[in-house]
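Not measured: the values here are computed from a predicted model. Just so you know, ligand 1 is whichever comes first in the structure, and atom 1 is the first atom listed for that ligand.
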Amino acid sequence: MLLLGIETSCDETGCGVVNDRFEVLGDALYTQAETHAKFGGVVPEVAARAHLEKIRAVAESAVERAGIRLEDVDVIAHTRGPGLLGPLLVGSSFAQGLGRALGKPVMGLNHLEGHLASAYLTDPSFEPPFLALLVSGGHTELVHVGPGLEFRVLGATRDDAAGEAFDKSGKLLGLGYPAGAAVSRLAENGRRDFVDLPRALMERGNLEFSFSGLKTAMAREIARRDADALEREKADLCASLEEAIVDALLKKTLWAMRGLDETRLIVAGGVAANARLRARMAELAEREGWKLVLPERRFCGDNGVMMAAAAMKRVQLGKWPAGGGVSAGLRWE
Ligand code: KG4
Ligand code: ZN
């Protein structure tokens with residue numbers, strides 16, 4: 001059984017091929033980050049055009065790397081949403097066209113379900129039920145996944161996502177877009193208790209997140225310093241910012257795991273690539289006796305392989321998703 005996954009919800013054109021043992025046979029990714037960097041964020045129309053230009057070549061190279069032909073693919077999966085409508089339509093139309101041409105079924109999937117499925121690529125024996133901490137540029141959610149892929153959102157962000165908190169503060173520090181990885185790199189050599197930044201909604205058991213106060217607090221810290229001081233203390237500010245974000249993520253994950261009496265956890269999404277989050281979550285899991293799966297870093301950000309993996313899990317469980325087409329604001333089914 002061979003699955004082709006296609007991801008075009010934001011600014012990465014990704015295609016991947018996996019088999020029924022969740023082995024990655026072919027992986028191809030075209031990232032538009034540089035195109036959007038000069039605008040300080042993703043421009044939807046520019047993204048849609050870039051997807052359109054690249055999608056065929058990316059799909060072909062994924063298949064080529066897998067050493068197969070397109071005709072060998074059994075199911076074609078694409079992202080239905082949530083995401084940017086124009087980019088989603090490019091991936092969906094391409095998948096539909098391919099399906100029709102090859103006479104193969106096409107499956108439209110939730111992008112967030114794709115992020116969760118990156119865990120199967122690291123540990124193919126890992127099965128639901130589990131708790132997922134999903135942290136990306138657009139989402140921060142604690143989701144419980146039932147044995148038959150029943151999704152239950154336990155808590156989400158009220159305002160900015162965790163990735164956004166990295167990106168917006170990083171932008172204020174002149175670190176470009178997206179800034180998460182750059183903040184994290186600088187933070188390695190910074191003092192994590194340098195400035196006291198807010199941790200919001202910390203009443204015991206509260207599973208919601210709020211990160212918008214961080215950006216305001218960072219803006220204040222930056223305004224207080226002249227250019228020299230800012231340059232000298234950039235790493236310290238990054239380290240303090242990273243610690244505030246990671247503290248909130250860990251605390252709420254701990255409360256959710258205890259509340260559910262759950263012992264299995266995955267962390268997924270672009271921010272799951274963060275070294276500090278990975279290290280501290282691994283420590284916590286060890287202390288609490290949890291089974292933790294951290295996806296390989298290359299599968300944390302948006303990619304096509306994770307969509308193929310999500311579709312493979314659905315095929316194996318006999319759970320074809322309801323509904324077709326695309327939707328910018330698609331919710332969990
Ligand atoms: O999942 P993703 O690629 O796209 C969305 O679906 O949003 O996540 C992108 C986000 C960006 O906000 C980026 O800054 C953040 O993930 N990110 C990181 C790191 N690598 C990427 N944040 C913190 N530390 C990192 N190492
Ligand atoms: Zn994503």
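Taking each of Val42, Leu277, Asp167 in turn, the one with a heavy atom nearest to atom 11 (C) of ligand 1 proves to be Asp167.
Near Gly301, meaning under 4.0 Å from one of its heavy atoms, ligand 1 places the atoms 3 (O). The distance from ligand 1 to the heavy atoms of Gly138 drops below 4.0 Å at these ligand atoms: 7 (O). Listed by number with element, the atoms of ligand 1 under 4.0 angstrom from any heavy atom of Ser136 are 1 (O), 5 (C), 6 (O), 7 (O), 8 (O). Residue Phe166 approaches ligand 1 through these ligand atoms, each under 4.0 Å from one of its heavy atoms: 22 (N), 23 (C).
A salt bridge does not link Glu233 to Arg191: none of the charged side-chain nitrogens sits closer than 4.0 Å to a carboxylate oxygen. Between Asp74 and Lys104 there is no salt bridge, since no side-chain nitrogen of the basic residue lies less than 4.0 Å from a carboxylate oxygen of the acidic one. A salt bridge does not link Arg65 with Asp27: none of the charged nitrogens is closer than 4.0 Å to a carboxylate oxygen. A salt bridge does not link Glu188 to Arg276: none of the charged nitrogens lies less than 4.0 Å from a carboxylate oxygen. Note on Glu283 versus Arg280: no salt bridge recorded, every NZ/NE/NH1/NH2 to OD/OE distance being 4.0 Å or above.
With the Zn ion (ligand 2) as vertex, Asp302 OD1 and His111 NE2 subtend 90°, rounded to 10°.
The protein atom (non-hydrogen) at minimum distance from atom 15 (C) of ligand 1 is Val271 CG2, 3.9 Å. Scanning the protein heavy atoms around atom 9 (C) of ligand 1, the nearest turns out to be Gly137 N, 3.7 Å. The nearest protein atom to atom 2 (P) of ligand 1, hydrogens excluded, is given as Asp302 OD1, 3.5 Å; this is a heavy-atom distance. For atom 22 (N) of ligand 1, the closest heavy atom belonging to the protein is Gly180 CA, 3.5 Å. Of the protein's heavy atoms, Asn274 CA, 3.6 Å lies nearest to atom 26 (N) of ligand 1. Of the protein's non-hydrogen atoms, the one nearest atom 21 (C) of ligand 1 is Gly270 O, 3.4 Å.
A cation-pi contact, defined as under 6.0 Å to the ring centre and within 45° of the axis, links Lys313 to Tyr120. Cation-pi geometry between Arg264 and Phe126 is satisfied (NZ or CZ under 6.0 Å from the ring centre, within 45° of the ring normal).
For Glu60, the CD atom is densely surrounded, since the number of other residues' heavy atoms within 6.0 Å is greater than 12.
With 3.5 Å as the limit, one finds no donor-acceptor pair spanning the side chains of Thr8 and His51. No hydrogens or angles considered: a donor-acceptor pair under 3.5 Å links the side chains of Asp302 and His111.
Residue His115 touches ligand 1 through its side chain alone, judged by heavy-atom distances below 4.0 Å.
Residue contacts with ligand 1: Glu12 is excluded, as none of its non-hydrogen atoms falls under 4.0 Å. The closest approach between a heavy atom of Cys10 and any atom of ligand 1 is not below 4.0 Å. A heavy-atom separation below 4.0 Å is found between His111 and ligand 1.
Residue Ala275 places no N or O, backbone or side chain, under 3.5 Å from any N or O of ligand 1.
Closest to the Zn ion (ligand 2) among the N, O or S atoms of His115 is NE2.
Under the 4.5 Å side-chain criterion, counting only non-hydrogen atoms from C-beta, Ile266 is not in contact with Leu133.
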